[in-house]
Asks: 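Below is the structure I would like to discuss, written out as structure tokens.
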Amino acid sequence: MIEDARVLNEKFIPQEIEHRNDELNRLSRALAPCLSGGDPENTVLYGPSGTGKTCLARYTLDQLHEQSPDIDTQYVNCWQNYSRYRVSKELLAGLGVDLTVNRHSTAKDEYPHLIEEALDGPYVVILDEVDQLQESEVLYDLHRLSQVTIILIANRETELFYNLDERVASRLKGAARLEMNKYTVDELVEILQARVRWGLAPDSIGPEQLRLISDIAAGDARVGLSILRTAAKYAESDGLDTITESVIEQIVPDAREELRKKNIEKLNGHQVTLFELLKEHGPASPGDLIDLYEEAVDDPMSGRTVRNYLSKMEQYRVIESVGRSRAKRYQIPT
DNA sequence: GGTCCACAGGAAAGATAGGGTC
DNA sequence: GACCCTATCTTTCCTGTGGACC
């Protein structure tokens with residue numbers, strides 16, 4: 001049934017972007033001056049997860065690079081690369097420079113100079129999940145480099161600017177803004193139809209089943225793709241010719257679990273213990289959770305560190321919190 | 001309204017690891 | 001090998017906030 005598994009992967013960049021024509025045109029226009037030696041605009045893309053922000057940005061950069069191979073581009077995920085050092089390292093890697101060679105003898109203030117030295121023309125970079133950056137100075141560094149154009153991707157615009165250093169925020173206020181809204185059911189059906197055309201055998205899933213997946217995904221293309229991918233794998237392993245509604249309903253919990261597992265893999269041992277405790281004991285206050293954790297492990301981290309862990313786990317969407325202050329409880333998302 | 005307590009999170013300092021330099 | 005420098009992680013201390021209770 002599965003003819004090209006890559007197509008069903010959320011990281012796959014399609015040949016055409018569906019239902020984002022306006023956003024695509026605006027982003028292309030903002031970057032177009034790169035091609036003529038002009039002054040491109042920095043851009044902020046924001047909107048809920050699964051609305052195609054990353055896909056749109058990467059697609060646009062691929063097109064730009066295709067039109068002019070002299071333009072360097074780089075994608076950096078700030079969730080994994082949250083410090084000034086890590087972002088700079090990725091940006092230098094995009095220019096063919098390995099920062100790890102001099103890692104322990106390079107002052108942070110030297111990073112922008114190293115990037116400037118390595119530049120040989122326009123450099124367009126995507127900073128995905130930029131609201132996860134812990135050291136926003138890197139944005140200040142990049143803003144000062146005239147050859148660098150940045151595309152910032154975040155879930156909420158207000159949170160992005162709220163967390164930024166004042167001087168960085170004021171410099172980015174002039175950047176172009178593109179808001180990406182959730183897909184409608186019809187739009188998501190068409191997006192999934194295209195993936196089915198490219199990646200699955202003909203007639204392996206009908207429009208009614210795709211509509212059911214889109215309904216369940218509630219405008220989130222990432223969830224929709226995960227359900228489609230899991231359903232195709234399930235049907236294939238069971239020797240079925242088509243993905244039926246009962247298959248879809250059966251695998252939805254597995255598809256959601258698959259998405260959660262990807263995030264759990266990013267946790268350290270202490271964080272996994274906290275997750276398991278929460279799964280075992282149900283909703284718990286931070287204080288109770290810390291008590292349980294201290295009983296469960298031989299060499300526990302301090303309460304402050306555990307709070308940092310819980311905060312990070314919430315950002316990973318592995319756990320969620322309800323209530324505030326004393327009424328606050330952590331729980332596993334349903 | 002005042003007090004207590006739990007919680008969140010910032011700041012500073014300490015510990016550790018590891019590469020560069022002499 | 002000793003020392004220096006840097007990144008990263010952790011801990012301690014502290015302040016601010018908000019709910020519960022009197």
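Worth saying up front: this structure is predicted, and the values here are computed from it rather than measured. Convention: sequence-line order gives letters A, B, ...; per-chain numbering from 1.
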Asks: Please report the distance, rounded to the nearest Å, between CD in A:Glu90 and P in C:dA7.
Replies: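 Computing the A:Glu90:CD to C:dA7:P distance gives 16 Å.
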Asks: Rounded to the nearest Å, what distance is computed from the CD atom of residue A:Glu314 to the C1' atom of nucleotide B:dC7?
Replies: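 One finds 13 Å between C1' of B:dC7 and CD of A:Glu314, rounded.
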Asks: Whole-Å distance between C:dA7 P and A:Tyr85 OH?
Replies: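 Those two atoms, OH and P, are 8 Å apart.
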Asks: As a test of reading the structure: which of B:dC7, C:dC9, C:dT11 is closest to the side chain of A:Arg307, going by heavy atoms?
Replies: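 Of all the options, the side chain of A:Arg307 is nearest to B:dC7.
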Asks: Please check this pair: side chain of A:Thr230 against backbone of A:Ser226, looking for a donor-acceptor N/O pair closer than 3.5 Å.
Replies: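 Yes; judged by distance alone, with no hydrogens or angles, the pair exists.
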Asks: Could you please name the option among C:dC13, C:dT10, C:dT8 that lies closest to any side-chain atom of A:Met301?
Replies: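 Looking only at side-chain atoms, A:Met301 lies closest to C:dT10.
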Asks: Of the candidate nucleotides C:dT11, C:dT8, B:dA8, which contains the atom at the shortest distance from the side chain of A:Tyr330?
Replies: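 Output: B:dA8.
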Asks: If you compare every side-chain N and O of A:Tyr309 against the phosphate oxygens of B:dG9 (OP1, OP2), does one of them come in below 4.0 Å?
Replies: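 False: A:Tyr309 side-chain N/O out of range (4.0 Å or more) of B:dG9 OP1/OP2.
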Asks: Is a side-chain donor or acceptor of A:Lys53 paired with a backbone partner of A:Gly47 at a separation under 3.5 angstrom?
Replies: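 Judged by distance alone, yes, a pair lies under 3.5 Å.
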Asks: Between A:Gly287 and A:Arg304, name the one whose nearest nucleotide on DNA chain B is closer to the 5' end.
Replies: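 Here A:Gly287 is the residue nearer the 5' end.
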Asks: From OH of A:Tyr293 over to C1' of C:dT10, roughly how many Å is that when rounded to an integer?
Replies: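 Atom-to-atom, A:Tyr293 to C:dT10, this comes out as 11 Å.
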Asks: Has the side chain of A:Glu236 got a donor or acceptor atom that lies under 3.5 Å from a matching backbone atom of A:Ile2?
Replies: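 Indeed, once roles are kept as given, a pair shorter than 3.5 Å links the two residues.
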Asks: Grab the NZ-P distance between A:Lys328 and C:dG19 for me, whole Å please.
Replies: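 Those two atoms, NZ and P, are 13 Å apart.
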Asks: Output the rounded distance in Å from CG (A:Asn308) to C1' (B:dG9).
Replies: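 For the pair A:Asn308 CG and B:dG9 C1', the rounded distance is 8 Å.
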Asks: Report yes or no: do A:Tyr234 and A:Gln250 form a side-chain donor-acceptor pair below 3.5 Å?
Replies: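 Yes, a side-chain donor-acceptor pair sits under 3.5 Å.
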Asks: For A:Ser311 and B:dA8, is the shortest distance between a side-chain N/O and OP1 or OP2 below 4.0 Å?
Replies: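 Indeed not, no polar side-chain atom of A:Ser311 lies that close.
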